[in-house]
Amino acid sequence: MQNRTNGVRSDKGMEMKKIILIKIVVGTITFLIFTFYLVLRNNIKGQEFNIPFYILLFPFFMFVIYGGLISLFADKVTERWKRFPWLVSLLLHLLGGAIFPFVLSLVINLSQTIEQPKIGYDTGLLPLGLISSAVYWTVNILIYPFFKYK
C-alpha cells in the first residue's frame with residue numbers, strides 16, 4: 001500500500017471504497033433475493049403481492065446498512081485469521097443475524113414510543129435473522145471474486 005500526501009488518494013482509501021461498494025452490491029442482491037422469494041411465495045399461494053414500496057425500503061436499508069456493518073466487522077476480524085477464515089466469517093454473520101431481532105425491536109419500539117420503549121427479543125424473528133445472514137454471507141462469498149484487488 002502506498003501513502004501519498006500530494007493530493008492523490010491513497011490505495012487504502014480506494015480499497016475501503018471498493019469494500020463499501022461490495023457491501024452495497026451484496027446487500028442489494030440479498031434484498032432482491034428475499035423480495036423475489038416473497039413474490040414467488042405469494043404467487044404460489046395464489047395471493048397478490050401488494051406491499052407498498054416504502055415498506056420494502058426498510059428491509060433494503062437493513063440489508064445494506066446492518067448487513068454491511070456486520071460484514072465489515074467480520075472481514076476485519078478474519079483479515080489475519082490463518083485457519084478457516086470463512087468459518088469464522090460465517091459464525092460472525094450468523095451472530096449478527098441472531099442479534100437482528102433485538103436491533104429490529106429496538107428500532108421499531110423507539111419509533112413507536114419514545115417515552116417508554118419496550119425493548120425485547122422476539123424469538124420468532126430468530127430464524128429470519130439467521131437465514132438472511134446466511135444468505136448475505138453466501139452472496140458476499142460469491143461476489144468477492146468479481147471485485148478482485150489489483
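Worth knowing before you read on, the calculation uses all heavy atoms, side chains too, and leaves out hydrogens, waters and symmetry mates. Note that the structure is predicted; figures quoted are calculated from it, not measured.
- Applying the salt bridge (Lys or Arg N to Asp or Glu O under 4.0 Å) test to residues at least two apart or on different chains, none of the pairs has a partner in residues 57-72.
- Note that OG of Ser133 is 9.0 Å distant from CD1 of Ile70, once rounded to the nearest 0.5 Å.
- Follow the hydrophobic side-chain contacts under 4.5 Å out from Leu94 and you never reach Leu142; the two are in separate clusters.
- Contact detail for Ala98 and Leu126: the closest heavy-atom pair is CA-CD1, 3.7 Å.
- Connection of Met16 to Ile143 is established within a shared hydrophobic cluster, with ILVMFWY side chains joined at heavy-atom distances below 4.5 Å, either directly or through further cluster members.
- When the side chain to side chain donor-acceptor pair (under 3.5 Å) test is applied to Ser71, the partners found at least two apart in sequence or on another chain are Lys23, His93, Asn140.
- Salt bridge Glu15/Lys18: absent, no basic N to carboxylate O contact under 4.0 Å.
- Side-chain contact between Thr30 and Val26 is present, with heavy atoms from C-beta onward closer than 4.5 Å.
- The closest donor-acceptor contact from the side chain of Thr35 to the backbone of Phe31 lies under 3.5 Å.
- Taking Val88 as the reference, Val77, Thr78, Trp81, Leu92 meet the side chain to side chain contact (heavy atoms under 4.5 Å, CB included) condition, with sequence neighbours excluded.
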*Go through the steps for Tyr66 and Ile99 under the test side chain to side chain contact (heavy atoms under 4.5 Å, CB included), then give the verdict.*
CA-CA 11 Å; Tyr66 181 75; Ile99 295 171; 3.8 Å; yes

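- Thr28 pairs by the side chain to side chain contact (heavy atoms under 4.5 Å, CB included) definition with Ile24, Leu32, Phe60, Val64, not counting sequence neighbours.
- There is no path of hydrophobic side-chain contacts, each under 4.5 Å, that joins Met62 to Phe73.
- When the side chain to side chain contact (heavy atoms under 4.5 Å, CB included) test is applied to Ser132, the partners found at least two apart in sequence or on another chain are Phe34, Phe63.
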*For side chain to side chain contact (heavy atoms under 4.5 Å, CB included), just list the numbers for Phe84 and Leu90, CA-CA rounded to whole Å, side-chain angles, deciding distance to a tenth of an Å, and then say yes or no.*
CA-CA 10 Å; Phe84 306 112; Leu90 174 62; over 6 Å; no

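- Residues meeting the side chain to side chain contact (heavy atoms under 4.5 Å, CB included) test with Leu69, sequence neighbours left out: Ile65.
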